[in-house]
Amino acid sequence: MNAAVALEQVIVDYGRRRVLHGLSCTLPRGAVGLLGPNGAGKSTLLKTLLGFIAPTGGRLRVLGLDVARSPVEVRARIGYMPENDGHVPGMTAVGFVAFCGELAGLPPSDATQRAHEVLHYVGLGEARYRPVETYSTGMRQRIKLAQALVHDPDLLFLDEPTNGMDPRGRDEMLDLIRDLAHNKGVNVIVSSHLLPDVEYTCDHVVVLDRGRIAAAGSIDELKGPAGRIFEVRVKGDAAAFAARLAAAGMQCQESGDDLMRVFVPGSVDDMPDQQRICRVALDAGVQVRHLRSSLPTLEDVFARAIGES
Amino acid sequence: MEQATPRPGAGPAGTGVLAASMRVFDLSLGRMLWSRRTIFTALVAGLPVVVALVLRTLLAFEVPVMQGGVTGPVVFGLMFWGFVVRFAIPVLAVFYGTALIADEVEDRTITYLFTRPIPRASVVLGKYLAYLVCATSVLLPAVVLTWLLLAPIDGALAASFPDLGVDLVIVVVGFVAYGALFAAVGTIFDRPLLFGLLFVFGWENLALALPGQLRRASVAHYLQGLVPHAMPADTPLDVLQRAMTGAPGVLECALGLGLVTVVGLLIAARVVSNREYVLEH
Amino acid sequence: MAPNTRRFLFGSALVVAAGLCTGLVAYYSGVLPSRQVVRGELAFIPADVAAVAYADVRQIMDSEFRQRLRSALPAAGSEKDRMLEATGIDIERDIDAVVAGLQGDGTPGGIAILRGRFDRSRIEAAALQHGAVEEQYGGYAMLVGRPHTFDDGTSSHRLAPSVAFLGDGLLGLGDADELRRAIDVSVSGESLSAAPDMMRLIDDVSGTGDAWFVARVARMTRQPGLPEQVQNQLAGVEWLAASANIDRSVRGRVRAEARDDRSAEDLRAVVNGAVAAARLFAGQDQRVTAALNSLQASGSGRQVELAFELPPSLLELLEARAAAAMSPGPAAGH
Amino acid sequence: MSLVHDQSYRRYTGARRPIGRAWIVILRTTLGALFARRPLIGLLLLSWVPFLVRTVQIYVVESYPQAVEVLAVSPRTFRDFIDFQGLFAFFVTIYAGSGLIAGDRRVNALQIYLSKPLLRTEYIAGKLGALMVCLALVTLVPAVMLLIMQVLMAGNLALHRAAPGLLPAVLLASMLRIVVPAMVMVALSSLSTSSRYVAVMYAGLLFVSEALYGVVARATGSTRVAWLSLPRNLDVVTDAIFRLPSQHDAPVVLSALVLIAFVVASIVVLERRVRGVEVVA
């Protein structure tokens, strides 16, 4: 079985509220991003995979193991970095990480040794004898990653890993995740609402929206040539122009600074598309001041997926 | 007590301790009253009422529950001793008093209070007043309801009414004295609750049982001296003990409780004014 | 302050105020309190009596305790017959309640006011048979008995046992002069109802038992024939109030009010010591131990209180003793 | 650009312990954290004072036979000893137990624990075990040590021959006074994120039930209602274990059932509260 995670009609309810509506998909090995706006069900899916929440229906398999039948074996092979703060009170960083290692089955000496190693790895080497209570938010994110890594899991669940970090810290964290996924052979599932984070670290993505899968696949494929995007700036009645573009089958998005992003479906050829836009502009009586072909981003994929779902 | 070094340009100049305390009181009262803590308080205060209701119901069905020379006023007296004086007042005072500042430290909200242009002492005083109002507003009605339910059983409302007046005063005075003491404990110790409970259930019980003057180092000695009801005695030892000790006079009680209150509040205010609070994070 | 908080505080204050108002009304009007209203009878008791006692005869006669006492002490039945013969009153059926006032200051005697249903002709017949004469005083009919001299060892007193029909189911018993005085005070208003110090204690005990007793101890101790030791012991006591509830068992409370805190301390020490000693040296009989265990001494300030209970099991003991005394013994039986 | 060298993370190739041992790690770590607190050590040391006193008593009885009249050593001596240790057990339960789960809940540690390969029962067993060890140090261990001291000083097994059930009774009674309070405390600890609330809840449970018993017992004139109070139930069952006449009229079976109900309720609470996520519905 090659998939890291396989979902079959997974349904999760909180009381009367349905949070996951029969999810079915496979998350391949490597780095997979779990994308979606807040409340889409990303954290719920991770907690269901960990066995914290019993699904109302469906089956979940992690690394080939059935979560319902062997939850402990599943957890032995995964590392979980929760979204909100969490540590064991009254411990130093190294003590805490070593303790987590022991909890995961490592002998005490190995656990301590690996605690030092992973703390160095996540950039907390200097601060490892400080009580976790005194850590800043960024340091807490790192130590959560360290505790998830200490027992060398085959699969890492990272829930909003860059939350509350400064730009530099965020870059470092993303580098760590990318390194783990691409160079250290650790499968990673990153749950985030930050598209650039996922785009930077992951190869695959699953877009969740209101408890349903809106899109899933490799990022390259999703961004693929199903259409072209142009950045357009016009002088004149932008609203009328947008309306005419829509009537002509082209989606239009305002992206600030008077700039519009126009999605032209279908054609691969550059010239006809640009000409089509100019023709619409002419019809709308606006003057095109800027027209440039733009590479599709995950943001476009996301916007499309959420818009379509 | 003003803060030692008034900061230049620190908001409205000359904010008095009392005015600031009243502001803190106003802010804290609602928060204190509508917290989960009040559920516990209501449970503690409601228990005598529930017991009284159960007794009344049983008596209404002519179940012979009251035996051994016991009348309604006697049961009320027992409840006042057993529930209110020995338990509810000290425990609620420990619970609220030790948390006045500790809660703010734990919730990391003390920074917001201490960065306001008000003397730190007023934070303690305002929260202490809020505790007083909160605790008495829950316990006093419970005592009154219990009395209304119990006193008419084989007894007279009129005859036990003066005692009720004294009881209500004792509730307030008890909260005042114990609250001040535990406010001080809460500002001094890192784990104030343990010390509070040790004091109430360890030290006070021990001190009251020992002959000599040690019992003067307890709040219960002075508070129990005011209680008009007969104190229940179980064993010959209790009776002998009572024979040896005897209750202090009203003046002594008032002086003792007053001293505890003033000293407790002064210590609490002083410690809070001078201590540096290092928050986690 | 948030509206919710204000509402809560208002509600809380309202409950306290309602309770206090109820208590105040009860305290000043006496509307709610006592189980028995005895003010009618008290109007005939002079304000200067040394002690006053009350008994709810109906309640006591109907009590289980009394039934068992009667079976334990069968001799009590003959007393009842003698009373019926002498006064024409059946204590078990005719009397509901009795209030008695006792004179102190070395004056023996006192009066008893009986409430009940009385057959006036039968009482008159019995009294006249014993040589009484009829008299009208203050609008009430009296049967004045033949006076006889009573000697208490220090002085002799002349007493005329009499009956007064005080109307509305009330009957006065006692010395003729005392009864006349009772009628006088009921008119002049110098009765016990106008003595606040005594009434304070009466209000205290009147609702709490089937029988009660309130005494000015200082005046009681001047009673002739009281042992000096007892007089000394009671010197520090100013007031004594006792009440008892008689049902299956007898439950009672005795409360003494000392002259000052010091005397109260002394008295408490004596009572506590006695109670403790009694418990420590109590015999093996569980029935006695149970009765002793019910003894509870307490009180603060100038008050000393003692609560007790005589359980029905104590009667079993009494029955057993009575049976043992009456039976000729096992040896004689064979 | 990574600040971290590639060499610093390597895959783990060492051995892993089989699943099901995590509770030992939790137990060891929790005990380590508890014993790092000096007040707890002080409390534990203090709790051995009665042991010393009783040892002296045994010594006196064995050395001076005439002392038997006043200081006789019998099964009741051991029963009273266990009873007396209850005071220390109360404070140890509060101090060591109130933060066990509450502390973890306050800093969201449960999601960390339960994301590791361990069962919820293992987590609870670790926490419960730590508290039970602490309680054993004030009840079971001194009681057994006292038995050993008695045998050593007497130089014979006369007491055990006369009362063959003494050792099992001491073990059973001590275990009872460890298991029930520990279960109740751990369950309460899972109900809140503040150890202060937990401590007050526990003290409240004990003292309210005791006060309730006191009032009802006096009103009814009977000790049959001892089942109302948690400590009295322990007393009743302990008396039965030692086959001594109980000071209470309450049926042993009823008291035992109440204790079992406490344990069952604790298990239900723990089952609901110890989860990787907050239970919303």
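Order of the sequence lines sets the chain letters (A, B, ...), proteins ahead of strands, with each chain counted from 1. Note that the structure is predicted; figures quoted are calculated from it, not measured. All values below come from the heavy atoms of this structure, side chains included, with hydrogens, waters and symmetry mates left out.
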Checklist entry - Given C:Phe213 and C:Val52, is the side-chain contact (heavy atoms from CB on, under 4.5 Å) satisfied, shown in steps? => result CA-CA 6 Å; C:Phe213 171 79; C:Val52 59; over 6 Å; no
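Atom CG of B:Leu47 and atom OG1 of B:Thr146 lie 9.5 Å apart (nearest 0.5 Å).
With a threshold of 4.5 angstrom between heavy atoms, B:Leu27 does not approach chain C through any atom at all. Heavy atoms of B:Leu148 lying under 4.5 Å from chain C belong exclusively to its side chain. Contact of C:Leu14 with chain B is not made at all, since no heavy-atom distance falls under 4.5 Å.
Taking 4.0 Å as the cut-off between side-chain N and carboxylate O, C:Glu257 and C:Arg216 do not count as a salt-bridged pair.
By the 30° and 60° cut-offs, the orientation of the rings of B:Phe175 relative to B:Tyr131 is perpendicular.
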